[in-house]
Amino acid sequence: MYDNWEELEQSIKNCTKCKLCQNRTNIVFGTGNKKATVMMIGEGPGADEDKEGIPFVGKAGQLMNKAFIGLGLKREEFYIANIVKCRPPSNRVPEQDEAQACLDYLRNQVILVKPKIIVLLGSTALKNILGKEYGITNARGTWIERKQIWYMPTWHPAALLRDENKKIEFWNDLKEVKNKINTLAEK
Ligand code: URA
Ligand code: SF4
């Protein structure tokens, strides 16, 4: 674990801890406010993210940005990262060994950001962060508190592109997050 961003970022450059290193263009480290109250965690980079080195810049990310704007939330206020930092081939779900290899970096990012709230975007984020016993269909929309962090599991924005009904639930979950930010700020 590193106690500063420079060393952490340095340590990940040229990472070959898992086989996802073989096909990546860029490591997608994470972006946003390093002192954010809210951290968003996705699954892994897609083609656009791999090309640009920034999380959630493709279609799914653009949809998420629209939801932020609609709710009066600012993307720049959040810290956004993924379970794995290199693109899985054909956007497949990260395998267990890959997620395990990469999670240390993400844990270190959480320690440095010290968020009060973590939004888990989809099943991969939920299962790798809170445990395999959780399922996204049941857990989404409910707060789970662990070690003084409030977790809100919700749909992965890519799922919204395939299923209109999920958009409303995603919207409601982000509204919950907005309310929680306000409640925590009043304390
Ligand atoms: N999907 C993810 O899970 N993360 C990204 O950064 C982009 C798409
Ligand atoms: Fe390293 Fe993570 Fe990329 Fe695997 S996915 S090579 S652990 S940075």
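Counting starts at 1 for both ligands and their atoms, following the listed order.
Between A60 and ligand 1, a contact under 3.5 Å exists for no N or O pair.
Judged by the 6.0 Å and 45° rule, K85 forms a cation-pi pair with F29. Remark: K180 is positioned above the aromatic ring of W150, its terminal NZ or CZ atom under 6.0 angstrom from the ring centre and at most 45 degrees off the axis. Under the 6.0 Å distance and 45° angle rule, K17 counts as a cation-pi partner of Y105.
Considering only non-hydrogen atoms, atom 7 (C) of ligand 1 lies nearest to E49 out of E52, E49, M64, R87. The heavy atom nearest to atom 3 (O) of ligand 1, considering only K85, K59, E43, is found in E43.
Contact analysis puts G44 in contact with ligand 1, with a non-hydrogen atom separation below 4.0 angstrom.
Side-chain contact between Q109 and L106: present, with at least one pair of heavy atoms (C-beta onward) separated by less than 4.5 Å. Residues Y151 and V119 have side chains not in contact (no heavy-atom distance under 4.5 Å, counting atoms from C-beta outward).
Ring geometry for H156 against F56 counts as tilted: the plane angle lies between 30° and 60°, on a 0 to 90° scale.
A salt bridge does not link E49 to R87: none of the charged nitrogens lies less than 4.0 Å from a carboxylate oxygen.
Nearest approach of N82 to P45, heavy atoms of both residues: ND2-N, 4.0 Å.
Of the protein's non-hydrogen atoms, N82 OD1, 2.8 Å is the one closest to atom 4 (N) of ligand 1. For atom 1 (N) of ligand 1, the closest non-hydrogen atom on the protein side is H156 NE2, 3.2 Å.
Side chains of E7 and N4: a donor-acceptor N/O pair is present below 3.5 angstrom, by distance only.
Contacts with ligand 1 closer than 4.0 Å are made by heavy atoms of both the backbone and the side chain of P55.
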- Which is it for D50 and R24 under the salt bridge (Lys or Arg N to Asp or Glu O under 4.0 Å) test, yes or no, and what are the steps along the way? CA-CA 7 Å; D50 176 64; R24 73 168 175 240; over 6 Å; no
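Around atom 4 (Fe) of ligand 2, the protein contributes the following N, O or S atoms at distances under 2.8 Å: C18 SG.
Numbered from 1 in the order shown, with element, the atoms of ligand 2 that lie under 4.0 Å from a heavy atom of R24 read 3 (Fe), 6 (S). For ligand 1, the atoms sitting less than 4.0 Å from at least one non-hydrogen atom of G42 are 3 (O), numbered in the order shown with element in parentheses.
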